[in-house]
Amino acid sequence: MLSNGRVFPDYEPTELGIAAQLAVKAVAKATGTPQKDVEKKLVALGDIGLVAEYFVSRKRQSTLSSGQLTVEKVFRTTQEIAKQVGKGSQERKLSLISSLVTAASPIEARYIIRTLLQQMRVGIAEGVIRDAIAKAFNVSAEGVERAWNMKSDFSEIAVAAKKHGENGLKKIKLEIGKSVQVLLAEKSPDLKTALGSFENVAIEWKMDGMRCQIHKQGNKVLIFTRRLENVTRQFPDMVKLVQKCVAAKDCIVEGEAIAIDMKTRRPLPFQVLSQRIQRKHEIERMVREIPVQVNLFDVVYVEGGQLFEKPLRERRKILEKIIKPDDDFRIIGQLVTKDLKKAEKFYKEALNNNQEGVMVKNLDALYIPGRNVAGGWLKVKPTMENLDLVIVGATWGTGKRSGWLTSFVLAVRDPDTDKFLECGMMSTGIKEKKENGMDITYGDMTEMLKPLIEKQESGLVKIKPKIVIEVAYEEIQKSPTYASGFGLRFPRFVRIRNEKSERESETMERLQKMYDMQKK
Ligand code: AMP
């Protein structure tokens with residue numbers, strides 16, 4: 001897990017919660033350097049990992065203590081750091097971090113600090129870890145992949161592979177409470193192609209909300225997002241709905257949660273719901289102000305049995321059996337047809353109801369979890385699509401906009417190098433003042449991005465790539481100014497894509513493809 005830059009499996013809600021400032025203090029404390037010297041060096045080197053390395057190596061020259069760190073020790077201490085909450089926690093975290101830095105050699109200090117700040121970006125994709133486990137313990141990569149899809153915890157998988165080989169991997173079963181990789185959709189160019197792709201299809205609205213994987217075990221309920229983040233705490237209302245409306249004792253069901261307007265009960269855009277996902281305080285007030293509605297579309301586990309091997313039509317029947325629907329907890333409507341006219345009407349209804357489009361699903365398809373697999377879901381959305389880009393920088397505003405970040409540097413991901421390459425600068429679409437609940441203001445953006453600031457040079461700040469936003473634009477142009485070689489003309493903010501991680505943003509390849517398509 002450490003090699004993946006993580007200390008907990010994805011499904012654990014625990015976060016390390018270490019700000020750059022705390023790392024600065026820890027380096028100062030561990031190396032007996034005045035804090036302002038560490039800060040100065042940080043401005044010069046721009047990377048706190050390198051700063052830690054620099055000061056530890058200077059200290060090493062004057063003392064004889066040698067690094068006695070083991071991976072085990074680093075891992076345990078890191079977990080210990082994450083456990084510190086409440087009063088005095090910053091102090092305790094500071095001692096723990098500086099104890100690691102004190103014991104570290106210079107190069108160890110560099111990587112420990114980067115790991116703690118989750119800045120490793122070693123780019124060890126899951127595929128590489130999968131292959132490494134396969135090679136180390138002489139098991140098949142497919143076996144490791146299958147186990148990972150069932151239970152996304154490489155540490156457990158590695159132990160099983162080491163102890164019992166291929167058989168050990170087979171024994172890794174889905175477990176309630178530990179998130180399962182989800183089935184994902186592929187794009188279809190248009191409705192007609194999608195309808196023609198499978199023999200038997202069902203069409204559903206593609207709702208603009210948050211994918212939730214809901215685990216119920218007796219009275220206990222856990223809610224995960226598609227990135228397998230545990231969001232149970234933010235949605236006590238959803239927990240109650242599950243307890244009320246799910247007849248099965250144990251199950252895992254999936255659906256899309258959307259925000260709905262309190263008065264009209266019409267669906268609201270994802271941006272509104274995203275306020276609930278991020279909320280850590282005053283949750284009860286948010287529950288009242290932004291009610292959610294869950295639209296279920298699948299079930300993968302019921303009463304001890306996993307349902308991956310069953311076709312969608314059967315899974316849906318099981319879902320209908322175990323759900324007692326309620327206004328806010330229901331099974332998503334389906335239209336079973338191959339008639340293009342009827343399908344088009346349904347598609348238009350979805351768009352008129354502020355939804356993204358439709359999902360065309362193969363009724364005979366099994367549930368195949370995991371990335372890059374065709375599981376029989378085709379999404380159909382309006383074309384000349386917006387791009388999901390990562391914010392990697394910003395500039396501070398001036399005049400009446402001073403104190404706010406007002407211009408944002410956008411980037412695509414290059415999967416080959418795991419770097420983010422710039423492709424534009426955007427300011428349009430963000431508001432100065434909130435005119436309605438859905439508006440995102442410069443203030444909102446500043447609050448969200450401030451903790452991610454990595455480096456600052458005059459008015460320009462470098463931002464840790466984490467926040468994904470959907471951007472509309474007029475055209476993609478070739479541009480020598482940006483590292484990607486492309487620049488967006490008139491980029492305009494559409495919404496924040498909280499449900500996507502930076503790794504799920506558009507890739508260099510897709511940007512190139514969109515550019516080629518546009519030329520045609
Ligand atoms: P995308 O994020 O564009 O790849 O589309 C896949 C996502 O659409 C899923 O992860 C769900 O969060 C969402 N979604 C909305 N409506 C549905 C639906 N009816 N069936 C499946 N997924 C849906």
Side-chain angles (χ1 to χ4, degrees), residues 149 179-189 191 194 198 201-214 223-229 231 235 238 252-260 267-271 273-274 277 292-300 312-313 315-316 319-320 323 329-336 343 346-347 349-351 353-363 365-383 385-389 468-471 494-507 510:
N149 285 336
S179 56
V180 183
Q181 294 290 319
V182 294
L183 167 56
L184 292 172
E186 292 172 287
K187 269 193 192 121
S188 185
L191 195 54
F198 311 118
V201 297
I203 313 173
E204 299 168 3
W205 284 7
K206 182 174 191 308
M207 306 200 87
D208 185 17
M210 170 186 86
R211 168 89 166 251
C212 19
Q213 187 179 84
I214 302 172
I223 302 159
F224 297 102
T225 66
R226 137 204 182 134
R227 284 163 61 190
L228 311 184
E229 274 164 330
V231 289
F235 293 96
M238 226 197 278
I252 302 177
V253 291
E254 281 190 345
E256 191 83 352
I258 56 168
I260 48 168
L268 293 171
F270 176 74
Q271 268 162 258
L273 181 74
S274 94
I277 304 173
V292 295
Q293 179 191 65
V294 181
N295 295 273
L296 298 167
F297 49 70
D298 224 313
V299 51
V300 293
L312 173 62
R313 69 169 84 240
R315 298 201 304 275
R316 172 106 181 172
L319 189 61
E320 282 164 1
I323 302 298
F329 198 86
R330 49 193 208 170
I331 300 177
I332 201 165
Q334 261 192 351
L335 175 71
V336 178
F346 190 78
Y347 180 33
E349 274 165 21
L351 296 178
N353 278 281
N354 297 330
Q355 302 306 326
E356 277 187 82
V358 287
M359 283 285 197
V360 175
K361 296 185 175 178
N362 179 358
L363 279 165
L366 314 183
Y367 190 107
I368 309 172
R371 267 157 264 239
N372 311 323
V373 284
W377 284 4
L378 294 175
K379 55 183 170 189
V380 184
K381 302 200 269 191
T383 48
E385 285 196 26
N386 297 343
L387 294 171
D388 290 333
L389 302 171
V468 181
I469 59 172
E470 186 177 326
V471 179
V494 178
R495 59 177 179 152
I496 296 167
R497 296 279 274 160
N498 280 322
E499 78 285 17
K500 285 208 170 172
S501 76
E502 67 281 7
R503 300 184 68 86
E504 290 176 291
S505 61
E506 310 296 353
T507 56
R510 196 161 126 72

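Atoms within a ligand are numbered from 1 in the order they appear, just like the ligands themselves. The shown structure was predicted, so the numbers you read here are calculated from the model rather than taken from an experiment. Nothing fancy with the numbering, it's 1 onward along the sequence.
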Q: M238 and V294: which non-hydrogen atoms are nearest, and at how many Å?
A: CG-CG2, 3.4 Å
Q: Please enumerate all residues that pass side chain to side chain donor-acceptor pair (under 3.5 Å) together with E320, with sequence neighbours excluded.
A: R316
Q: Using a strict cut-off of less than 4.0 Å between a Lys/Arg side-chain nitrogen and an Asp/Glu carboxylate oxygen, indicate whether E499 and R497 qualify as a salt bridge.
A: yes
Q: How would you list, by chain and number, the residues with a heavy atom under 4.0 angstrom from ligand 1?
A: E204, W205, K206, M207, R211, R226, E256, F297, I332, M359, K361, W377, K379, K381
Q: What residues form a side chain to side chain donor-acceptor pair (under 3.5 Å) with N362, not counting sequence neighbours?
A: none
Q: Could you grab the distance from atom CZ of F297 to atom CH2 of W377, nearest 0.5 Å is fine?
A: 4.5 Å
Q: What pairs with K379 under salt bridge (charged side-chain N to carboxylate O under 4.0 Å, His left out), at least two apart in sequence or on another chain?
A: none
